[in-house]
Every structure is written in C-alpha cells, then in structure tokens.
Amino acid sequence: MNISAILTALIVVGAVGLILGMFLGIASIVFKVEVDEREEAVLGVLPGNNCGGCGYPGCSGLAAAIAKGEAAVNACPVGGETVGGLIAEIMGVEAGETVRMTAFVQCAGDCEKTQKNYEYTGVEDCGMVKYVPDGGAKSCNHGCLGYGNCVKACPFDAIHIVDGIAKVDREKCKACGKCVAACPKNLIELIPYDAKVAVACSSKDKGPVTMKACKTGCIGCGLCVKACPSEAITVTDFNAHIDQSKCTGCGACKEKCPKKIIMEMSSV
C-alpha cells in the first residue's frame, strides 16, 4: 500500500471540501434573502391550517402579505379575533372589528321533503351527478345532491350529510370557504355567525314547480318582503334572500313565510 498516495488523496479531498465550504459560505452571504422579522412573527401566530380561506396560498403567503401591508391583520378566518389581535400587536396597528362568519347551506330539501325521480347508481360525486338527467335524481333541480363534495373539501370536519343534505356545524366551521367552492350547485354561502335567520332554499323555479318538487321550498310569494320592517329581504328569480347587514332578527319574515323555509340560525 502506497502511504504517500493515500495521504495525497486525503489532502486533495480535504482541500476540495474546504474550497466548497468557503464557496457555499460566501454564496449564502451574497445571495441571502432578507426576511422581514415581522413576517416570521406573524407566521408564528397563524394557526398553520394552510386552508387558503384568506385568499392567499397558505399561512406563509398570508404572513408575507400582512408584513407588506397588502392584507389586513385580521384576514385569517380560522384564527379569528384572537389571532387578529396578536398580529395587530406585532404590526403595531389596530386590529379592527372581526366579524365571525359561518357557512350556511341554502337547502332544506331532505329525503322526507323531496321526491326522487329515479334511482341513481352512478359515481357518487356532486360534480358528476349534476350532469345526469334532470341534474340528479332529486325532484328539485336546485337542491343539495347529498354526495358530500363539501364534506371532502372541509378541513375542519364541520360539514356532514344528514338525511340527504349537507348540514354545517357552526361551532366547528372556520368560514374558510372550501365548501363554498366545492359545491357545484352554489348552495353554500358565508353569513355572519350571529345572523338570526336565513333562507334555506335556492330554488329559482316558479311557485307551482317548486311546490311540486319540494314540500318546503321558497315559492317567491313575497310575504316576507312585506313583513320585514328593515327592508332586508328581496325576492329575485322567485327566491327570497336576506341582506344580513340590514336584518335586525325580529323574526317577522319567519312568521309570515307560508313554507317555513326561513330558518332561525340557532336551531340549524
């Protein structure tokens, strides 16, 4: 064994390693990307769900936007008021008012209240079922299909299929909006958690058609509009909708609705 050859190899390897180490060290200094310390601090208090409900690609994206002043300190729907307050302290600004939101399914047509036109045995996916004859087996072409695309999309286990329609657990819901995006029928909306009443129907058919399809669907009669003292209700395309910013929760609309489709949120 040639000892000198081994020593030479060791020296060469060591020298190469030393040179590479020095090069990497210099490169890390030259190409160093400055990170706003506030961005790191904001990221540290965000919940880390990476749900995208804030409109940014994950918590890191929101943290960067907040640090740059491009997003509000209370923009995280999951963290809510508590996290918004912590971020406000980091950024040295006022947190502002945070309105807690929750998802609401605009359909009450469960298995008891709606009929089936036929038995469907295909792929159980709402996005696919809407393309089958009549937009699904249910007699109402506007209602919840009940195959749970929204359930699969929810990262908080806040929505489930109960008796053929989607139901939201308001206490678990973080208003991330994933269920809203997942519903091909556009039945889910975000409303204030403190909302008193909401219309659990999105049918756009005329009254007689709706009554034939669903026992409790909105028939667009307008009695709720006349009863509302704050002008918070409008009827468009034979369907009533409540402007939650105007609603006082008096319950007059609920009492006048002949189909009992205006629901008290506390009972949903």
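The first residue of the sequence shown is numbered 1, and numbering continues consecutively from there. All heavy atoms count here, side chains included; hydrogens, waters and symmetry mates do not.
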Nearest 0.5 Å, what's the [atom1]-[atom2] distance between [X] and [Y]?
X	Y	atom1	atom2	answer
K174	M101	NZ	CE	15.0 Å
N149	E124	CG	CD	11.0 Å
I159	D169	CD1	CG	10.5 Å
S60	E39	OG	CD	8.0 Å
C228	K256	SG	NZ	13.0 Å
D194	C247	CG	SG	11.5 Å

Taking the side chain as every heavy atom from C-beta outward, state whether [X] and [Y] have any atom pair closer than 4.5 Å.
X	Y	result
E97	V99	yes
Q106	C201	no
T236	H241	no
T234	D243	no
K113	D110	yes
N49	P155	no

Identify all side-chain donor-acceptor contacts of residues 76-93 below 3.5 Å with residues at least two apart in sequence or on another chain.
none

Just one of C214, S139, C140 clears the side-chain contact (heavy atoms from CB on, under 4.5 Å) bar with Q115, so which one?
->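 When side-chain contact (heavy atoms from CB on, under 4.5 Å) is applied between Q115 and each of C214, S139, C140, only S139 qualifies.
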Test side-chain contact (heavy atoms from CB on, under 4.5 Å) applied to C150 and C126, C179, P184, the passing residue =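 With C150 as partner, side-chain contact (heavy atoms from CB on, under 4.5 Å) holds for just one option, C179.
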Which atom pair, heavy atoms only, marks the closest approach of A71 to L62?
->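 Taking A71 first and L62 second, the nearest heavy atoms are CB-CD1, 3.9 Å.
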Please report the closest heavy-atom contact between T102 and P192, naming both atoms and the distance.
->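 Taking every non-hydrogen atom into account, CG2-O, 4.2 Å.
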Tell me if a side-chain donor or acceptor on [X] pairs with a main-chain N or O of [Y] at a distance below 3.5 Å.
X	Y	result
K138	C144	yes
S230	K246	yes
N50	C59	yes
N239	K204	no

Would you mind listing every side chain to side chain donor-acceptor pair (under 3.5 Å) that reaches into residues 208-225, with sequence neighbours excluded?
->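 Applying side chain to side chain donor-acceptor pair (under 3.5 Å) to every pair that reaches into residues 208-225, excluding sequence neighbours, yields S203-T210.
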If Ile, Leu, Val, Met, Phe, Trp and Tyr residues are connected whenever their side-chain heavy atoms lie under 4.5 Å apart, and connections chain through other members, are [X] and [Y] in the same group?
X	Y	answer
I165	Y147	no
V235	V197	yes
Y193	V199	no
I219	I233	no
I261	M211	no

Is the count of non-hydrogen atoms from other residues, nucleotides or ligands lying under 6.0 Å from K152 atom NZ greater than 12?
->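 Atom NZ in K152 is crowded, with more than 12 foreign heavy atoms closer than 6.0 Å.
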Should I242 and I191 be marked as a side chain to side chain contact (heavy atoms under 4.5 Å, CB included) after you check the CA-CA gap, both sets of side-chain angles, and the distance that decides it?
-> CA-CA 10 Å; I242 298 174; I191 64 174; over 6 Å; no
